[in-house]
Trainee: 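The following block contains the structure, expressed as structure tokens.
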Amino acid sequence: MIGLLAAAQAVMSVPVAPGPTLPPVTSGYSIVVARAASQSDPQPIACGSDFCTSWFLGEFDQAVTLAGEPLPSKFEARLEMGSPYNMQYRLLLLVGRDPEGTLRVRSTAGFNTRTKEACLDGDDTAALTPEPGGPALFKRGRAMCTIDR
Amino acid sequence: MNEMTSVTTAKDWASDQEVRWCPGCGDYAVLKAVQRTMPDLGVAREKTVFISGIGCSSRFPYYMSTYGFHTIHGRAPAFATGVKLANPELDVWIITGDGDALSIGGNHTMHVLRRNLDCQILLFNNEIYGLTKGQYSPTSRVGTRSPSTPFGSVDRPVTPCAFALGSGARFIARGIDVHKNLPDVLKAAHAHRGASFVEIYQNCVVYNDDVFAGFTERDVAADKQLWLKAGEKMLFAGGTKGLALDVDRLCLKVVAGDDPAVITHDPKNKGIAAMLIEMPDSFPVALGVIYEDPAPTFESAVVEQNKAAASGKTPDLQKLVSKGQTWMVEKEPHKL
């Protein structure tokens, strides 16, 4: 049993490489605050390494759309990660849409509980058209941020 | 610190690995601060090594595009010592946490500090064992409720900087994960030749959330944070308050900011440093470079000693292996 636990721990500790960089999201995006409720159905990604991330099917709830295309309070979207989260987290998400309509999370940020802020990387949001606006979003440097009130 | 120059950007220092801590973890902010600071140091990635033990923070080397070791619990200082002795030109950073550095690796931390190995030690202090789901750590406060202390911890916690000072560290600083001053603290640590000990207050959003809120929240920060600068008065609360020495009781006291008794920060004053490190809760928290008094480094002494020992001697491997008691095996040993 101890051996199995050690093996499981070793697998979980393996660092993973992300898949190839996707073209930046331009239009048809949603910037949303939502709770990552669960992740399942991993679709492996080939990354040229022994250990790669997968596209998990993420279930999100308590969603509030801040900018872009409105999303319902509960939705599913593919999410690139090495393994599921250890618990449910409230996240700021940039969600894009595949040509066939699949929702795909393209950028995530957790909320700093001290500052209540979450910021999406400026590189991920630079190409968005129209540029996201609204009272809930603000820029910190190049990063696009919100405060969870 | 090394005599190297290199032009890089923060992106050059980020690896291609998926960064994986809990969303909102203070580790992200420290990682960004380090990646932003490295270009300003003018160092080369191929001359830089990040070495960690075990814990959440110890995933750090994966995320830096440098050489790195994710080693065993509490033993990063031992690996770092070997790396630095093997190649003193390397710029060595140790990444550790409160449990890794002060419990499992407490002995190793003490010795790397007293030896004064030229390296930067970043101790991420979140006052909890996060990776193993929230057990109390050596820095957890009395009363901390955790899976291993369901009725509250009765241990008196260690103060990391006091431990470092007592161990003979020659550079001691403090920073906060999301504070804008952290890069300046890192630069000062790197500029110091010798073991630079930096305690970083790091918020664990899951298992010990807001444990530092008492001095990091915006509405109390001015009153509860004392950012030290060499040669400048120890002022806080927007300059309205300062620290002075109570000569009769040989301790620090809070006075008005315009009081001429306010102390000017001299990082070489070890006595004042000890007082700053262990100020009670009614005082602000001392941040920035608290103590710095350079001394010869361990690896430079070892290199000099080896050079002196080898001086005037001709290398002779055969002579070395034949030295002392040797035996010739003339027959095959008896088979059992």
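Because only heavy atoms are used, hydrogens play no part in the values below, and waters and symmetry mates are left out as well, while side chains stay in.
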Trainee: What part of A/E80 gets within 4.5 angstrom of chain B, counting heavy atoms only: side chain, backbone, both, or neither?
Mentor: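 The backbone, not the side chain.
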Trainee: Where does the angle between the aromatic ring planes of B/W21 and B/Y63 fall among parallel (under 30°), tilted (30 to 60°) and perpendicular (over 60°)?
Mentor: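 If you compare the ring of B/W21 with that of B/Y63, the planes turn out perpendicular.
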Trainee: Take the angle between the ring planes of B/F215 and B/Y201 and call it parallel below 30°, perpendicular above 60°, tilted in between.
Mentor: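 Aromatic pair B/F215/B/Y201 classed perpendicular.
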Trainee: What option among A/V16, A/N112, A/N86 has the most heavy-atom pairs under 4.5 Å with chain B?
Mentor: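 Most heavy-atom pairs under 4.5 Å with chain B: A/V16.
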Trainee: Roughly how far, to the nearest 0.5 Å, is the CG atom of B/D98 from the OG atom of B/S103?
Mentor: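 Reported to 0.5 Å precision, the distance equals 9.5 Å.
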Trainee: Given that the side chain runs from C-beta out, which part of B/I54 has a heavy atom under 4.5 Å from chain A: side chain, backbone, both or neither?
Mentor: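 Neither the backbone nor the side chain of B/I54 comes within 4.5 Å of chain A.
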Trainee: Is A/D148 close to chain B through its backbone or its side chain, or both, or neither, when contacts mean heavy atoms under 4.5 Å?
Mentor: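 Contact with chain B: none, neither part.
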Trainee: Could you walk me through whether B/Y129 and B/Y136 pass ring-ring contact (aromatic ring centres under 6.0 Å, His included), step by step?
Mentor: CA-CA 6 Å; B/Y129 283 98; B/Y136 82 120; 8.0 Å; no
Trainee: Sort A/Y85 into side chain, backbone, both or neither according to what part of it lies under 4.5 angstrom from a heavy atom of chain B.
Mentor: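 Contact with chain B: backbone and side chain both.
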Trainee: Starting at CG of B/N208, measure out to CZ of B/R141 and round the result to the nearest 0.5 Å.
Mentor: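 Separation between the atoms: 7.5 Å.
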Trainee: Side chain, backbone, both or neither: which part of A/M81 has an atom under 4.5 Å from a heavy atom of chain B?
Mentor: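 When you check distances to chain B, atoms from both the backbone and side chain of A/M81 fall under 4.5 Å.
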Trainee: Could you tell me whether A/D41 and A/R78 make a salt bridge, using a distance below 4.0 angstrom between a side-chain N and a carboxylate O?
Mentor: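 Between A/R78 and A/D41 there is a salt bridge, with a charged N closer than 4.0 Å to a carboxylate O.
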Trainee: Please classify the contact of A/A17 with chain B as side chain, backbone, both or neither, using a heavy-atom distance under 4.5 Å.
Mentor: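 Both backbone and side chain.
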Trainee: Check whether B/C22 gets within reach of chain A through its side chain, its backbone, both or neither, counting any heavy atom under 4.5 Å.
Mentor: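 Interface part for B/C22: both.
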